[in-house]
Protein chains: 2
Amino acid sequence: MFSKACEYGIKATLFIAHRSEKNQRVSLKSITEAINSPEAFTAKILQKLARNKIVHSSKGPGGGFRIEKDEIDQITLSDIVIAIDGDQIYTSCGLGMEECSEEAPCPAHEKFKPIKESLRITLESTNLKELMEDINKGLTFLK
Amino acid sequence: MFSKACEYGIKATLFIAHRSEKNQRVSLKSITEAINSPEAFTAKILQKLARNKIVHSSKGPGGGFRIEKDEIDQITLSDIVIAIDGDQIYTSCGLGMEECSEEAPCPAHEKFKPIKESLRITLESTNLKELMEDINKGLTFLK
DNA sequence: CCAATAAAGGACAAAATTGTCCGAATAATA
DNA sequence: TATTATTCGGACAATTTTGTCCTTTATTGG
Ligand code: FES
Ligand code: FES
């Protein structure tokens, strides 16, 4: 469904949000340990998220990543996916036509449309705060 | 959503079905022209579909690919996807956990579940015949 | 049997994605 | 100011996916 980069990005963001709620910054190392991802690769993804202002980074001792507390319930899965993979997940044709359009639809267009639409709605309406609750309760896992 | 292999596979199958309805066999070449796909790569995919008994192939002059007429409304998108990409689209975790389970779900599990389920239902309930009708009417396109 | 046609399949190549390494930049602190 | 901790970013490497080439095998018709 998503690229590996996107998967790591979502998990990393969730972990950062989790710690940010407790006013803690997190280092790259602690993130990769928490989500079980390759360190340098995860660093690249975090850079992208930082450039997109989804997470905030600071260098030097005591530095690391963090998310503004009041943004935790504003950031959606969709924001993260778009920052990393772009919006092709919404806009591209399921059968790989150059573009997905009503004018020249592929044979499965009408079948894919509602699925892509419900995916969009789900990703856009799911924010980090909501997902973190179950992590806090120990009901869901990051690795 | 799907791999390129899968996309070509679905389009190729649709084109073969389209011609099989008129009792025509189709050659690899005519398929790749119709769906605008790389020839040798498409050949591999068709081999897979043939081994999975979704299409039937015959060598030699006048040979080519075909689908049993009475199977056109039995073959679903799901059959094709599973033959080519396997069932990971249904079974894998959206966040890349080793397995998607209720016991150790990822934080987005409950969000992804209905989407994957509706995808499954759509793919399993969509057969080739249905998709071909709009092709025949010139309403949808294979390239 | 021979020639022509078409798929099968193995080996290889290119491209994209995933992942690693290492030095530079930055910030805290002693 | 020197040291240390940390992210940034460029170059590179490994892996996976996509795509190509070429030989073999099967089938048909003359
Ligand atoms: S054209 Fe293929 S999904 Fe819209
Ligand atoms: S565990 Fe992640 S989707 Fe089910």
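So that the names make sense, note that chain A is the first sequence line, chain B the second, and so on, each numbered from 1.
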- Task: Quick one: label Lys44(A) by what it contacts on the DNA or RNA (base, sugar-phosphate, nothing), any heavy atom closer than 4.0 Å.
- Result: base

- Message: For a quick test of reading the model, state the closest non-hydrogen atom pair linking Ile54(A) to Asp79(A) and the distance between them.
- Response: CD1-O, 3.5 Å

- Considering only dA4(C), dT18(D), dC21(D), which nucleotide approaches the side chain of Ala5(B) most closely? dT18(D)

- Please tell me which of the listed nucleotides, dT28(D), dA5(D), dT7(D), lies nearest to the side chain of Pro61(B)? dT28(D)

- Message: Between the side chains of Glu133(B) and Lys137(B), is the shortest nitrogen-to-carboxylate-oxygen separation below 4.0 Å, so that they form an ion pair?
- Response: no

- Message: Between P on dA11(D) and CD on Gln47(A), what's the gap in Å once rounded to a whole number?
- Response: 14 Å

- Assign each of Gly60(A) and Thr42(A) the nucleotide of DNA chain C bearing its closest heavy atom; nearer the 5' end lies the nucleotide of Thr42(A)

- From the options dT7(D), dA4(C), dT20(D), select the nucleotide whose nearest atom is closest to the side chain of Ser57(A). dT7(D)

- Query: Between dA7(C) and Arg25(B), is there an OP1 or OP2 to side-chain N/O distance shorter than 4.0 Å?
  - Reply: no

- Message: Nearest whole Å is fine: how far is dT6(D) P from Lys29(A) NZ?
- Response: 9 Å

- Task: Figure out the CD/P separation between Glu39(A) and dC8(D), and round it to whole Å.
- Result: 13 Å

- Message: Output the rounded distance in Å from CZ (Phe2(B)) to C1' (dT17(D)).
- Response: 17 Å

- Here the distance between atom P of dT5(C) and atom CZ of Phe65(B), to the nearest Å, is 18 Å

- Query: Within this structure, what is the CD-to-P distance between Gln88(A) and dT17(C), rounded to whole angstrom?
  - Reply: 8 Å

- Item | Heavy-atom pair with the smallest gap, counting every atom of Gly9(A) and Ile84(A) | CA-CD1, 3.7 Å

- Item | Length of the CZ-P vector between Phe41(A) and dA13(D), whole Å | 18 Å

- Nearest to the side chain of Ser3(A), which nucleotide is it out of dT7(D), dA5(D), dT18(C)? dT18(C)

- Item | Phosphate contact (dG19(C) OP1 or OP2) by Tyr8(A) side-chain N/O below 4.0 Å | yes

- Task: Look at the side chain of Lys59(B) and decide which nucleotide, out of dT27(D), dC21(D), dC8(D), has an atom nearest to it.
- Result: dT27(D)

- Message: Working to the nearest 0.5 angstrom, can you tell me the gap between Leu128(A) CG and Thr13(A) OG1?
- Response: 6.5 Å

- Message: On a heavy-atom basis, which atom in Tyr90(A) and which in Ser78(A) lie closest, and how many Å separate them?
- Response: OH-OG, 2.7 Å

- Item | Integer-rounded Å distance: dT18(C) P and Glu7(A) CD | 8 Å

